[in-house]
Protein chains: 2
Amino acid sequence: MSSCEQCLVRNRAICATLDDREIKALNAIGRQRRIAAGESLIWEGEDSVVVANVIEGVLKLSTGTEDGREQIVGVVYPSDFIGRPYGEQAGQGVTALTDAHVCVFSRRDFEVFAREHPELEHKLLERTLDELDRTRRWMLLLGRKSAGEKIASFLLEMSDRLAPANCKVDIFANVRRLDLPFSRQQIADLLGLTIETVSRQFTRLKDAGIIALPSPREVEIRDRAALVAEAG
Amino acid sequence: MSSCEQCLVRNRAICATLDDREIKALNAIGRQRRIAAGESLIWEGEDSVVVANVIEGVLKLSTGTEDGREQIVGVVYPSDFIGRPYGEQAGQGVTALTDAHVCVFSRRDFEVFAREHPELEHKLLERTLDELDRTRRWMLLLGRKSAGEKIASFLLEMSDRLAPANCKVDIFANVRRLDLPFSRQQIADLLGLTIETVSRQFTRLKDAGIIALPSPREVEIRDRAALVAEAG
DNA sequence: CGGCTCATTGATAACTCTCAACGCAGGTGG
DNA sequence: CCACCTGCGTTGAGAGTTATCAATGAGCCG
């Protein structure tokens with residue numbers, strides 16, 4: 001089996017502060033697991049039984065209404081933390097957007113371990129504070145931006161977030177060419193729009209020469225300044 | 001001067017886990033401050049220099065676009081924590097909605113103190129995780145709910161959150177009569193609507209006999225079941 | 001080659017926003 | 001004491017954006 005020492009995100013995840021002995025102890029309570037694209041790790045409203053670290057892949061956090069409307073409330077990337085420690089209920093579902101690889105812990109085990117390792121809790125606190133800031137900025141988009149602004153903001157955010165991993169980078173240290181881990185429906189669920197509106201805004205930006213769309217999942221940013229202006 | 005021992009939120013705020021000696025040390029680095037309604041404690045985008053605990057009053061957290069649109073991204077009540085420790089920038093502005101009373105710390109001082117007191121950091125982590133869950137639930141409202149559903153959800157949330165403090169409680173342990181700490185514009189900024197739409201939805205609910213509006217700031221919930229149905 | 005899913009495009013409707021007028025309450029000054 | 005002004009909330013008419021419904025197109029796999 002694979003262990004923490006060989007972990008791809010060993011130095012970026014919250015485990016980064018732990019020494020060899022501690023890593024060994026953490027290794028003992030966690031196990032790695034593969035998740036296929038589309039598969040869920042956690043369901044909204046269920047008891048919070050597991051937490052995890054993302055090793056590879058992209059996953060969405062989402063909530064929905066009874067009548068089937070869905071809102072994606074977060075997207076997690078390698079080294080990010082998943083789940084709800086110190087709480088009984090999972091507030092959001094967690095579903096893989098791409099094939100993913102995670103390091104899973106029983107919530108209880110993780111809580112016990114974390115409380116014995118303040119440095120780990122501190123890392124988790126910093127991450128949670130960052131995520132809260134990011135989430136609150138997203139609320140401005142959901143509540144106050146037009147469809148065009150939402151799409152432009154989305155593309156710019158993606159070009160930042162996807163930078164490390166899967167794409168060619170331009171001189172501005174941002175991504176010109178994106179491989180989106182989202183379908184049109186998922187983009188709609190992220191932005192609070194319908195699939196048709198997402199599609200129309202993409203073609204509008206394409207017709208304006210601001211982006212190119214080699215395929216539905218690929219986006220090339222041709223005029224970043226214009227995109228920034230569109231983002232409002 | 002007033003000290004932690006007499007603090008109104010002594011047992012509910014994150015300081016609750018500290019013993020007398022620790023409280024004394026914390027008291028030494030904090031100072032109480034009054035904030036008038038409408039006054040700001042923190043401005044969006046500025047350096048994060050202070051953090052605070054709310055002792056009394058209600059404050060909003062908000063972000064805005066360059067062209068003046070605003071989104072309220074959080075509301076804090078007595079015993080809640082304010083500010084951004086372990087970060088250089090304040091992601092949101094903090095403004096008092098009512099006259100308020102807070103316990104302010106220099107961010108640096110607080111950080112040093114917190115890192116020496118894991119129990120305090122743990123409390124802060126739990127609060128931050130709760131707040132993140134609440135914030136994510138709010139995103140569903142912003143992205144996917146209609147104006148009518150937003151208003152109904154807002155009133156129900158208020159009837160929960162305002163329960164401890166300022167109002168008569170019914171047999172369901174929820175509030176029937178609310179004293180809103182928000183103007184119509186602020187409700188609009190919270191829900192991602194315009195002031196006119198907020199006003200129209202209030203009158204619609206009033207005409208339907210679901211609520212009563214003795215004055216703009218007072219709401220009486222007459223038919224909670226109907227309001228729940230409206231909330232979607 | 002069909003049959004499937006996903007994305008695009010079009011026509012129309014619905015909802016919310018915008019612009020504008022009016023009402024009401026509280027405060028100020030003559 | 002009353003007139004006036006100002007801020008806030010309500011109401012109305014119309015426009016604009018986005019959703020809805022429907023059809024078509026493109027890629028993928030059996």
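Values below: every heavy atom of this structure, side chains too, minus hydrogens, waters and symmetry copies. Chain naming here is simple, since letters A, B, ... match the order of the sequence lines and numbering starts at 1 in each.
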Distance-only donor-acceptor hits, side chain of residues 52-59 of chain B, under 3.5 Å, sequence neighbours excluded:
none

**Request:** Name all residues meeting the side chain to side chain contact (heavy atoms under 4.5 Å, CB included) criterion together with Ser146(B); count only those two or more places apart in sequence or in a different chain, and write none if there are none.
**Result:**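 Scan of Ser146(B) (side chain to side chain contact (heavy atoms under 4.5 Å, CB included), adjacent residues dropped) gives Glu149(B).
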
Measure [atom1]/[X] against [atom2]/[N] and give the value in whole Å, please.
X	N	atom1	atom2	result
Leu141(B)	dT16(C)	CG	C1'	15 Å
Glu218(A)	dA7(C)	CD	C1'	15 Å
Glu149(B)	dC15(C)	CD	P	11 Å
Arg144(B)	dA19(D)	CZ	C1'	11 Å
Leu193(A)	dT16(C)	CG	P	15 Å
Gln186(B)	dG9(D)	CD	P	8 Å
Arg184(A)	dA19(D)	CZ	C1'	18 Å
Ile151(B)	dC15(C)	CD1	C1'	15 Å

**Message:** Working note: Phe105(A) + Phe81(A), criterion ring-ring contact (aromatic ring centres under 6.0 Å, His included); need CA distance, chi angles, decisive distance, verdict.
**Reply:** CA-CA 11 Å; Phe105(A) 305 91; Phe81(A) 184 83; 8.1 Å; no

**Any pair counted as salt bridge (charged side-chain N to carboxylate O under 4.0 Å, His left out), so long as it reaches residues 197-214 of chain A, sequence neighbours left out** =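 Sorted result for residues 197-214 of chain A: Arg204(A)-Glu230(A).
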
**Message:** Taking any heavy-atom pair under 4.0 Å as a contact, classify Ser215(A): base, sugar-phosphate, or nothing.
**Reply:**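 Answer is nothing: Ser215(A) stays at 4.0 Å or more from every strand.
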
**Request:** Pick base, sugar-phosphate or nothing for Gly148(A), based on heavy-atom distances below 4.0 Å to the nucleic acid.
**Result:**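 Nothing, no nucleic acid heavy atom in range.
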
**Message:** Below 4.0 angstrom, which residues in residues 195-213 of chain B have at least one non-hydrogen atom near DNA chain C?
**Reply:**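 Within residues 195-213 of chain B, the residues near DNA chain C are Glu196(B), Thr197(B), Arg200(B).
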
**Asked** Do Phe202(B) and Phe154(B) make the cut of ring centroids closer than 6.0 angstrom?
**Response**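 Between Phe202(B) and Phe154(B), the centre distance exceeds or equals 6.0 Å.
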
**Item:** CA sep, side-chain torsions, deciding dist, call: Glu70(A), Ser62(A), side-chain hydrogen bond (donor to acceptor under 3.5 Å, both in side chains)
**Value:** CA-CA 7 Å; Glu70(A) 184 174 337; Ser62(A) 60; 3.2 Å; yes

**Asked** Does any residue of residues 62-75 of chain B have a heavy atom under 4.0 Å from DNA chain D, and if so, which ones, in number order?
**Response**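 None - not one residue of the stretch has a heavy atom sitting under 4.0 Å from the strand.
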
**Item:** Base-contact (B) and sugar-phosphate-only (S) positions in nucleotides 23-30 of chain D, heavy-atom cut-off under 4.0 Å, - elsewhere
**Value:** --------

